[in-house]
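Accompanying notes for the structure given below.
Source: prediction; values computed, not measured. Basis for what follows: all heavy atoms, side chains included, without hydrogens, waters or symmetry-related copies.
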Amino acid sequence: MRTLEDLIEAARRRGAKKVVVAAAHGEEVLQAIKTAQEMGLAKALLVGDALLIRSSAERVGLDLAKDQVWHETDPEGIAYRAVELVWSAQADILMKGLIDTATLMKAVLDKQSGLRSGRALSHVAVLQVTDMNRLLIISDSGVNIAPDLTRKVEIIQNAIEVAQAIGVSLPKVAILAAVETVNPEMPATVEAANLAKMAERGQIRGAIVDGPLALDLAISLEAAKHKGIDSPVAGVADILIVPNIEVGNVLLKALIHLSRAKTAQVVVGAKVPLVVTSRSDTCETKLFSLALGLMMVR
């Protein structure tokens, strides 16, 4: 897949899945659901204030059946009802509407009734960047604040799973740092080198991993050649693993807002994919993210 439109087409070929939307009264998310239903991507269950949902649906031209709307007004009740619909196999994927991420994740991570799988959760963004001939994956820019070495292994493994779901059978993973040499005074470079060695010895599976690599070396063959870096990942990385959430968040938003990159975003590691987009994200981003989540449904 070279574009996010390719992603939508691939999800459509897999057949419609069921998505439950928590606090589904926002017009952007309902417009995305309307498009997804028209394209045969998904069928939706909408949880939240029924009056608000039906009013917003009418404004975007979305016809709703009676059994599509589950009435809840309390935010915590909305989150737990949405999770319950996944637990009862009435939905394959969970999507965030106009609800705080913390409230939704509290229900997802509930030890008794949540969607824990025993794996670490991580945020994975797939980007269509101008002038790149491939989709680019960045992780983690939204869940893990300052992951240690063990958590980074899980973040990488989750990102590899996403890459494989979108057709990259053996992704190339760049562990980002400020420089490409190991410097004990820069912990990110030491961890990057350890992660590369762990992959070499089979502790990270399904990808070629190298680091530390600066951003230019990870994505530019010309930069790698100029600096004389001999690496199977340099210049051709499919996945960028950032050292912490600040770097990931800034990098992702810079690409979106300065380079006008298109993006699809998903949280993986739970029992089902979680489409946890920002409330300010466009309908297009929500649709792309939903398609990515659908590709992750087992």
Side-chain angles (χ1 to χ4, degrees), residues 1-7 28 96 101 121-147 151-152 155-156 158-160 162-163 166 168 171-180 186-189 191-192 195 210-224 226-227 229 231 233-268 274-293:
M1 301 181 197
R2 295 182 181 274
T3 70
L4 292 176
E5 284 77 11
D6 293 340
L7 176 67
E28 294 286 352
K96 176 190 168 203
T101 300
L121 270 61
S122 60
H123 179 273
V124 183
V126 179
L127 295 104
Q128 180 183 326
V129 182
T130 304
D131 296 331
M132 289 194 73
N133 64 354
R134 64 190 183 278
L135 294 174
L136 186 66
I137 294 173
I138 296 175
S139 190
D140 180 335
S141 61
V143 173
N144 295 280
I145 296 173
R151 179 56 59 88
K152 283 183 179 178
I155 289 170
I156 294 168
N158 283 347
I160 291 169
V162 173
I166 65 173
V168 186
K172 297 178 177 64
V173 181
I175 313 299
L176 295 185
V179 295
E180 63 276 5
M186 303 175 73
T189 67
E191 286 197 346
L195 290 164
D210 197 17
L213 289 171
L215 177 61
D216 56 341
L217 297 179
I219 62 175
S220 169
L221 283 169
E222 183 179 349
H226 180 74
K227 290 190 176 181
I229 300 299
S231 163
V233 173
V236 291
D238 301 295
I239 299 172
L240 306 178
I241 300 297
V242 299
N244 55 50
I245 198 170
E246 285 90 354
V247 174
N249 190 273
V250 170
L251 176 58
L252 177 60
K253 289 181 178 177
L255 287 170
I256 293 171
H257 294 287
L258 299 179
S259 296
R260 301 301 177 190
K262 297 180 179 180
T263 181
Q265 302 174 41
V266 69
V267 173
V268 294
L274 311 174
V275 179
V276 187
T277 53
S278 170
R279 286 186 249 190
S280 63
D281 282 334
T282 64
C283 169
E284 181 183 59
T285 296
K286 294 180 189 297
L287 180 62
F288 287 146
S289 299
L290 177 56
L292 178 60

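Looking at Asn158, its side chain never comes within 3.5 Å of a backbone N or O of His123 through a donor-acceptor pair. In this structure, the side chain of Gln128 does not engage the main chain of Lys262 through any donor-acceptor pair within 3.5 Å. Formation of a donor-acceptor pair under 3.5 Å by the Lys286 side chain with backbone atoms of Ser278 is found in this model. Although no hydrogens or angles enter the test, the distance criterion places no donor-acceptor pair under 3.5 Å between the side chain of Gln265 and the main chain of Ala125. Looking only at distances, a side-chain donor or acceptor of Ser231 sits under 3.5 Å from a matching main-chain atom of Val233.
With rounding to the nearest 0.5 Å, the separation of OG in Ser139 from CD1 in Ile160 is 10.5 Å. Rounding to the nearest 0.5 Å places CD of Glu284 at 5.5 Å from OG1 of Thr282.
For the pairing with Val268, the side-chain contact (heavy atoms from CB on, under 4.5 Å) check across Leu292, Leu274, Val162 returns one residue only, Val162.
Nearest heavy atoms, Leu213 versus Ala174: CD1-CB, 3.9 Å. Considering all non-hydrogen atoms of both residues, Lys96 and Thr101 come closest at NZ-OG1, 2.9 Å. Taking both residues in full, the closest heavy atoms of Gly142 and Asp140 are given as N-OD1, 2.7 Å, listed atom of the first, atom of the second, then distance. The two residues Ala177 and Thr189 come nearest to each other via the heavy atoms CB-CG2, 3.8 Å. The shortest heavy-atom contact between Ala214 and Glu180 is CB-OE1, 4.3 Å.
Side-chain contact check for Ile137 versus Ile166: some heavy-atom pair is nearer than 4.5 Å. Counting heavy atoms from C-beta on, the side chains of Val143 and Val276 never come closer than 4.5 Å. Residues Leu127 and Leu252 have side chains in contact (heavy-atom distance under 4.5 Å, counting atoms from C-beta outward). Ile138 has its side chain within reach of Leu255: a pair of non-hydrogen atoms, C-beta onward, lies under 4.5 Å apart. Within the 4.5 Å cutoff, the side chain of Asn133 has heavy atoms near those of the Arg2 side chain. Under the 4.5 Å side-chain criterion, counting only non-hydrogen atoms from C-beta, Val173 is in contact with Ile175. Contact annotation: the side chain of Ile155 approaches that of Pro147 to within less than 4.5 Å [non-hydrogen atoms, C-beta and beyond]. Taking the side chain as every heavy atom from C-beta outward, Val126 and Leu7 never approach each other to under 4.5 Å.
Salt bridge status for Asp216 with Lys227: present, with a side-chain N to carboxylate O gap under 4.0 Å. Ion pair Lys152/Glu191 flagged as a salt bridge, since at least one NZ, NE, NH1 or NH2 atom sits closer than 4.0 Å to an Asp/Glu carboxylate oxygen.
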**Message:** Between Leu251 and Leu215, is the side chain to side chain contact (heavy atoms under 4.5 Å, CB included) condition met? List the steps.
**Reply:** CA-CA 10 Å; Leu251 176 58; Leu215 177 61; 4.0 Å; yes
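Applying the side chain to side chain donor-acceptor pair (under 3.5 Å) rule to Thr263 yields no partners; only residues at least two apart in sequence or on another chain are considered.
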Between side-chain atoms of residues 236-250 and protein atoms elsewhere (two or more places apart, or another chain), which donor-acceptor pairs fall under 3.5 Å?
{"from": "Asp238", "atom 1": "OD2", "to": "Lys172", "atom 2": "N", "distance (Å)": "2.9"}
{"from": "Asn244", "atom 1": "OD1", "to": "Glu246", "atom 2": "N", "distance (Å)": "3.2"}
{"from": "Asn244", "atom 1": "OD1", "to": "Val247", "atom 2": "N", "distance (Å)": "3.0"}
{"from": "Asn249", "atom 1": "OD1", "to": "Lys253", "atom 2": "NZ", "distance (Å)": "3.4"}

